[in-house]
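Below is one structure; the comments refer to it alone.
Along the sequence shown, residues carry numbers from 1.
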Amino acid sequence: MSQERTVLSIDGGGIRGIIPAMVLHHLETATGHRAADLFDLMVGTSTGGILALGLAQPDPQKPAKSRYGARDLADLYANRGAQIFGNNLWRQFRSALGIFDESYSASPLETALADYFDDNVLGDCRCPTIVTAYDLEARSTAFFKSFKPEHAQMLCKSAARATSAAPTFFEPAQFEVAGKSTALIDGAVFLNSPVVSAYAEALRLFPGDRITVISLGTGELAQPISGKQAAGWGKIGWMLPVLDCVFDGMAKAADYQMALFLGERYQRFQLTLDKASDELDNATPQNIAALFEETVQLIDREAVRLGRLIHYLQAKQPPSAMDPAQDS
């Protein structure tokens, strides 16, 4: 007999991870369940990978419960963002504003990941979880899967570091995977929205089951680029804008494909950044406040669709699974 399976996909987007985190907080609060209990598979790229892994962490005292709610992870961005994307003037000068070296030291990011993930491994994740990266040495895509034996002993903080090693921002993550040395960068270079891959994996994991896919964006770019403006750009001028265009284009293409595949069994929640900056590393208090504000507006604007999703997620849960004490 077929079952209902629900898949969560979370885009990349740096500090803008606040947006999907707060949408998930809304779902957790409304249903009384943590995300690892609401979804049968969670997949994330870059900041979405950090969120997926964080949501899947078991409570050290009660492994059958989740350690973090989505609000805890939104607070990670709010409280640690300024450290992770610290404006170190000497480093900026030494790297010639990021042209000859990464813009930021990876140490604050690695410290935050160590604090949140301890020494948990992918095999500890409370539900099947996947994060993406790109292997520079093998010149191949990498999907780190909590349910895959060769990845089960991989540290969550290492997987999180790899999936968020955004080129020009942080140096590649270097460690061993299945006994082989690797140099890994942000999975967003090939898959900023992992939703199609998430659906493909769900088909393999849950053959014959009815699959619903929820995709969470981190804000669409709002600032236009005129042809006249771009005509004068060389390699340096295109460095960051071309990444933005690639990421945005990939996400929109994936959204179109998934709507064709699943129709109403696919739902994407996304917003246009009107007040908040579209910069991945703008961790100023003003921009963080704007990201929270715009997400509240998104939740209000999508009240009907979110309400239907909440009803669907609640209907999947047995009454005995309710645990209001987990609300954050």
Write down the atom of Ala173, the atom of Arg161, and the distance for their closest heavy-atom approach.
CB-CG, 3.7 Å
Do Met42 and Leu155 share a hydrophobic cluster (ILVMFWY, side-chain heavy atoms under 4.5 Å, transitive)?
no
For residues Ser2 and Arg210, is any side-chain donor paired with an opposing acceptor at under 3.5 Å?
no
Check: Asp135 and Thr141 side chains under 4.5 Å, non-hydrogen atoms
no
Do Ser46 and Ser164 have side-chain atoms, one donor and one acceptor, less than 3.5 Å apart?
no
Is Thr111 close to Lys157 at the side-chain level, that is, under 4.5 Å between some pair of heavy atoms?
no
Can a side-chain donor-acceptor contact be found between Ser215 and Arg268 if the only test is distance below 3.5 angstrom?
yes
Are any of the side-chain heavy atoms of Ser197 and Val43 separated by less than 4.5 Å?
no
Same hydrophobic cluster for Val296 and Leu306, using side-chain heavy-atom links shorter than 4.5 Å among ILVMFWY?
no
Using distance alone, with no hydrogens and no angle criterion, decide if Gln267 and Arg305 have a side-chain donor and acceptor under 3.5 Å apart.
yes
Distance col, row Leu41:CG vs Tyr199:OH, nearest 0.5 angstrom, shows 13.0 Å
Geometric class of the His151/Phe144 ring pair [parallel <30°, tilted 30-60°, perpendicular >60°]
perpendicular
Show the numbers, then the answer: is there a side-chain contact (heavy atoms from CB on, under 4.5 Å) between Arg126 and Ser66?
CA-CA 7 Å; Arg126 292 198 56 237; Ser66 295; 2.7 Å; yes
Report the distance from atom NZ of Lys145 to atom OG1 of Thr129, rounding to the nearest 0.5 Å.
12.5 Å
For the residue pair Thr6 and Tyr312, confirm or rule out a side-chain donor-acceptor distance under 3.5 Å.
yes
Step by step, work out the side-chain contact (heavy atoms from CB on, under 4.5 Å) result for Phe169 and Ile84.
CA-CA 10 Å; Phe169 290 98; Ile84 293 169; over 6 Å; no
Determine whether Glu279 and Arg16 satisfy the following criterion, salt bridge (charged side-chain N to carboxylate O under 4.0 Å, His left out), listing intermediate values before the conclusion.
CA-CA 8 Å; Glu279 296 172 338; Arg16 293 171 4 218; over 6 Å; no
Do Val7 and Ile211 come within less than 4.5 Å of each other through their side chains, counting heavy atoms only?
yes
Assign the ring pair Phe190 / Phe143 to parallel, tilted or perpendicular, where the plane angle (0 to 90°) is split at 30° and 60°.
perpendicular
Any donor-acceptor pair under 3.5 Å from Glu294 side chain to Leu271 backbone:
no
Which distance, rounded to the nearest 0.5 Å, do you find between the CD1 of Ile299 and the NE2 of His26?
5.5 Å
Passing candidate, side chain to side chain donor-acceptor pair (under 3.5 Å) with Arg67, options Asp59, Asp124, Asp118:
Asp118
Determine whether the side chains of Asp274 and Thr272 contain a donor N or O and an acceptor N or O closer than 3.5 Å.
no
At what distance, to the nearest 0.5 angstrom, does CZ of Phe85 lie from CG of Leu109?
7.5 Å
Donor-acceptor pair, side chain of Asn282 and main chain of Asn287, under 3.5 angstrom
no
Transitive ILVMFWY side-chain link Val121 to Leu55, under 4.5 Å:
no
So does Arg301 have more than 12 non-hydrogen atoms from other groups sitting under 6.0 Å from CZ?
yes
Got Val196 and Met258 here, is their nearest side-chain heavy-atom distance under 4.5 Å?
yes
How many angstroms lie between OG1 in Thr31 and NE2 in His311, if you round to the nearest 0.5 Å?
13.0 Å
Are there more than 12 heavy atoms of other residues, nucleotides or ligands under 6.0 Å from atom CD of Gln153?
no
Do Asp209 and Glu4 come close enough that some side-chain heavy atom pair is under 4.5 Å?
no
I'd like to know if the side chain of Asp75 reaches the main chain of Tyr77, judged simply by a donor and an acceptor atom lying under 3.5 Å from each other, with no hydrogens or angles considered.
no
Taking the six-membered ring for Trp, are the ring centroids of Tyr266 and Phe261 within less than 6.0 Å of each other?
no
Does the side chain of Ile19 reach to within under 4.5 Å of the side chain of Leu273, using non-hydrogen atoms?
yes
First locate atom OG of Ser158, then atom CD of Glu110, and finally report the distance between them rounded to the nearest 0.5 Å.
9.0 Å
Side chains of Asn120 and Gln57: do they bring a donor and an acceptor to under 3.5 Å?
yes
Could you tell me if the side chain of Glu137 sits less than 4.5 Å from the side chain of Lys180, heavy atoms only?
no
Compute whether any side-chain donor of one residue and acceptor of the other, for Asp186 and Tyr134, lie under 3.5 angstrom apart.
no
Just to verify, which of Leu184, Thr47, Thr132, Ile185 counts as forming a side chain to side chain contact (heavy atoms under 4.5 Å, CB included) with Thr163?
Thr132
